[in-house]
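Every chain is numbered from 1, with letters handed out A, B, ... down the list of sequences.
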2 protein chains.
Amino acid sequence: MARTKGRLTQRDIAKLAGVSQAAVSLILNGGAEQARLSAETRERVMAVIQGTGYVADPLARQMHKKGNQLLGVFTYEPVFPNAQADFYTPFLLGIEEEAERLGYDLLLFTSTPVEDGRRKLFRKESRLRLADGCIVIGREQDRDELAKLAAGGYPFVAIGRRDDNSGEIPYVGADYLTVTRDLVRRAHELGHVHLLYVGDGTGAESLIDRWQGFSETVATLGLTGDRTAPMVEPSTIIERALASGATVLFCEVASDALALAREVDARRLGARLSVVAMGSAASLSLPSLRLSGFELPREEMGRQAVRTLSAIIENRSVERQILLRPNTVDGQTLGKREQ
Amino acid sequence: MARTKGRLTQRDIAKLAGVSQAAVSLILNGGAEQARLSAETRERVMAVIQGTGYVADPLARQMHKKGNQLLGVFTYEPVFPNAQADFYTPFLLGIEEEAERLGYDLLLFTSTPVEDGRRKLFRKESRLRLADGCIVIGREQDRDELAKLAAGGYPFVAIGRRDDNSGEIPYVGADYLTVTRDLVRRAHELGHVHLLYVGDGTGAESLIDRWQGFSETVATLGLTGDRTAPMVEPSTIIERALASGATVLFCEVASDALALAREVDARRLGARLSVVAMGSAASLSLPSLRLSGFELPREEMGRQAVRTLSAIIENRSVERQILLRPNTVDGQTLGKREQ
DNA sequence: TATTCTTGCTAATACGTATTAGCAAGTTGA
DNA sequence: TCAACTTGCTAATACGTATTAGCAAGAATA
C-alpha cells in the first residue's frame with residue numbers, strides 16, 4: 001500500500017473506479033438518482049469505496065454549508081464559578097440545553113491574560129465572529145459596543161434588556177415592571193399601605209423598571225411609597241422604615257434583601273416588617289430563611305436567547321425583543337400587615 | 001442592518017483595503033515580511049480588519065491544517081448541572097482558567113443529542129476538527145472510540161485514566177492506588193486491623209486501582225481485608241461488618257460512604273465503625289457530617305489536561321499520561337479503633 | 001544602455017467536497 | 001430524416017484560506 005499522499009480523496013476513488021470526482025460525490029450523497037448514474041457505475045464506485053475504506057473529509061464537507069453551527073457565548077467574567085451561588089450557570093444550563101436541541105455547539109470566549117482591561121475586551125471581541133452568532137450576558141454598560149455589532153450585521157442576542165436609540169438591539173430580558181406591580185398589589189392585599197423601596201431605581205433598565213413598576217402601582221392604588229438608597233448598615237434602613245411607618249421593604253438587590261431579612265429576624269420584627277426581594281428570591285434563600293419576592297427565569301431566558309439567535313442566523317422571522325416574566329416566590333418574609 | 005452576506009471573508013477585507021485577498025492572508029499569517037508588503041499596506045489592512053471584526057473561518061483554516069486557538073471539550077452528558085453537587089464544573093473551572101492563560105477559547109460540543117443517556121463521540125467527529133484538539137471528560141467505557149481518534153491523529157486528552165493495548169491514549173487521571181494505600185496505612189496507624197472494602201473493585205481503571213491499592217496494602221501490612229458489593233441497604237453492610245469484626249469501611253462510591261456514615265451516626269456506632277470515602281469526601285460532605293477519605297483534584301486535572309493538550313497541539317514534548325494525587329480529607333468518620 | 005537587484009504586490013493554484021449546468025450518444029416519435 | 005427526448009455521465013465552479021511563483025516598476029550596478 002503506497003500511501004504516498006496523506007489522505008484518500010474522491011479523486012483517488014474516481015480514478016480507481018474510472019469515473020469523475022463528481023460521480024463519487026453524487027453517489028455518496030444520494031444525488032445518483034437525480035444525475036442518472038447507472039446501477040453498475042454506482043456499484044463499481046461503492047466497491048472501490050468499501051475496498052479502500054474511503055471516508056469523506058468532514059471539514060471539506062462542511063465548507064460550503066452556510067454557517068458553522070456555532071454559537072458564541074460572551075461574558076465579562078469567567079463563566080465557571082468559584083462561588084456557590086452562581087450567576088451564569090442557570091443561563092448556561094438553558095443555553096446548552098437549547099443549543100443541543102437545535103444542533104449548535106457553543107463557543108466560550110475566555111478572556112486574554114492581557115493586563116489592560118480595554119485590550120482584554122478588544123481581544124475577546126476580535127474573536128467574536130468565529131461563531132455564527134453570539135449571546136452576550138451581563139453588564140449593561142455596553143450599549144455602544146452592541147450597537148456597533150448590530151450595525152455590522154453580526155447576529156447576536158443580549159441577555160438582559162438593552163434599549164438604545166436605534167431600538168434594534170435584540171435581547172431576552174425580564175419583565176420587571178409587571179412582576180413588581182404584582183408584588184406591590186400582593187402587599188396591598190395583605191394590608192400594607194406604606195412601602196419602602198430600597199435601591200437606586202436608576203441606571204440599568206432593569207433598575208428603572210423595578211422602580212417604575214413600584215412607583216406606578218403605588219400611585220394607582222393610592223399607597224405611600226418611599227425610596228431610600230441601599231445602605232451599608234441594614235439597621236439604618238430598618239430604623240428609617242420603622243420611623244416612617246413603612247411596613248414592607250422592596251429591595252432592588254437580593255443580597256440587601258437577605259441582609260435586611262436577617263436583621264429583621266434577629267430583632268424579631270418579622271411581624272411588623274416584611275421584606276421583598278426583587279430578584280434571586282429563591283436562589284439566595286437559605287433553608288432557614290426563605291425570601292419572598294421574585295426570581296428571574298434564567299434557564300428559560302437562556303433557552304429563549306438561543307431560539308432567537310438561531311432564528312436570526314437562519315434568517316427566520318422572529319420577535320427580536322422579548323421579555324419573560326419572572327417567577328414570584330412565596331417565602332416567609334412577606335406577611336400580613338400587623339394590625 | 002446589512003446582513004447581506006453571511007460571513008465576512010478575506011475577499012471583503014481585501015476589497016475594502018484595496019489589496020488582494022492574498023495580501024490579507026499573508027498579513028494575518030505573518031507572511032507579510034516574506035512577501036515584502038509595506039508597513040502602510042499592513043496597517044491599512046489591519047485597520048479594516050479591526051474595524052470590521054473579521055475573523056478567519058475556522059473551517060477553512062483547518063483545511064490547511066492551521067489552528068484556531070480553540071480547545072474542544074466533549075462530555076457525555078450536559079455540562080451544566082441541575083444538581084447541586086456537580087461533577088463537571090470543577091474540571092471546567094480548571095480548564096477555563098488554564099485555557100485563558102494559554103490564549104485558547106473553548107468549544108463545548110453540545111450538539112450531539114444524548115442517546116440512551118449519553119452522547120456519542122463518533123457522531124461528533126466531523127465537528128471535533130473545528131477545534132485544534134479536544135478534552136474528553138468522563139465515561140471510561142470509550143476506549144475504542146478514543147483509540148480511533150488517536151489513530152486518526154487528532155490531538156486529544158482524556159480526563160480519567162484510559163489504558164488500552166496500544167498504550168498511547170493521553171490522559172490526566174487520578175492516582176487512586178497511592179492515595180488508597182496511604183489511607184489504608186492511616187487506618188492501620190489508628191489501630192484498625194480488619195477492613196471492609198465496599199464496592200466491586202472491577203470495571204474502570206479507577207475502580208481496579210482502588211481495589212488494588214486496598215488489597216496490596218492490606219497484604220503488605222498483614223491486615224485482614226474483606227470485600228462486599230455495595231448494597232441497597234446500608235444496614236446490611238453495617239451488620240455484615242460488625243459480624244465479621246471489621247472496623248473500617250472503605251467505600252468505592254462516595255454516595256455509599258455518605259449513606260453508611262449516616263446510618264453509623266444514627267445507630268451511634270461512630271466509635272466502633274469508621275467510614276472512608278474513596279472520592280468526593282470533601283464535596284459530598286455536609287456541614288454536620290464531614291467524611292474522611294479523599295477528593296479528586298478536579299480543577300488541577302482540568303488545568304493539567306489543558307497543558308498537556310496544548311503541548312500536543314503545539315508539538316512540544318510532554319508526558320502524555322499523567323496521574324495526579326488526590327487530596328486526603330480529614331473528616332470525622334475515620335477514628336481510632338475502639339480498644 | 002543594458003543588466004541585475006530590489007521592492008511591493010498579485011495571479012494562480014491547492015485543499016476536498018458539493019452542486020449545477022450541460023454535453024454526447026443513443027432512443028423515440030412524427 | 002429531423003427533431004425531441006432520454007440516458008449517463010462530466011466539466012466547471014464554488015466554498016474560504018494559504019502559499020508559491022512571478023510580474024511590473026523603479027533603483028542600482030556595470
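Note on B/Arg36: a base of the nucleic acid sits closer than 4.0 angstrom, heavy atoms only. Among the atoms of the strands shown, none is found under 4.0 Å from any heavy atom of B/Val24. Residue B/Lys66 is classed as a sugar-phosphate contact, given heavy-atom separations below 4.0 Å to backbone atoms only. Heavy atoms of A/Thr9 sit under 4.0 angstrom from primed sugar atoms or phosphate atoms, though from no base atom.
Between B/Ser20 and C/dA11 there is no side-chain N or O to OP1 or OP2 distance below 4.0 Å. Look at B/Gln10 and you'll find a side-chain N or O under 4.0 angstrom from OP1 or OP2 of D/dA18. Contact between the side-chain N/O atoms of A/Thr41 and the OP1/OP2 oxygens of D/dC9 is found at a separation under 4.0 Å.
Note: CG (B/Asp12) to P (D/dC15) measures 11 Å, nearest angstrom. B/Arg44 has its CZ atom 11 Å from the C1' atom of C/dC9, to the nearest Å. One atom, CG of A/Asn68, and another, P of D/dG16, lie 10 Å apart when rounded to the nearest Å. We find that CD of A/Glu40 is positioned 15 Å from P of D/dT7, with the value rounded to whole Å. For the pair A/Leu37 CG and D/dT10 C1', the computed distance is 10 Å after rounding to whole Å. When the P atom of C/dC9 is taken as reference, atom CD of B/Glu33 falls 13 Å away, rounded to whole Å. Whole-Å rounding puts the A/Asp57 CG to C/dA18 C1' distance at 13 Å.
Residue A/Asp105 holds its CG atom at 10.0 Å from CG of A/Asn68, rounded to the nearest 0.5 Å.
Residues A/Thr308 and A/Gln304 bring a donor and an acceptor atom of their side chains to less than 3.5 Å of each other. Side-chain N/O atoms of B/Gln321 and B/Asp163 include no donor and acceptor closer than 3.5 Å.
If you find the closest nucleotide of DNA chain D to B/Gln21 and to B/Arg11, the one lying nearer the 5' end belongs to B/Arg11. Nearer the 5' end of DNA chain D, as judged by each residue's closest nucleotide, is the contact made by B/Met63, out of B/Leu26 and B/Met63.
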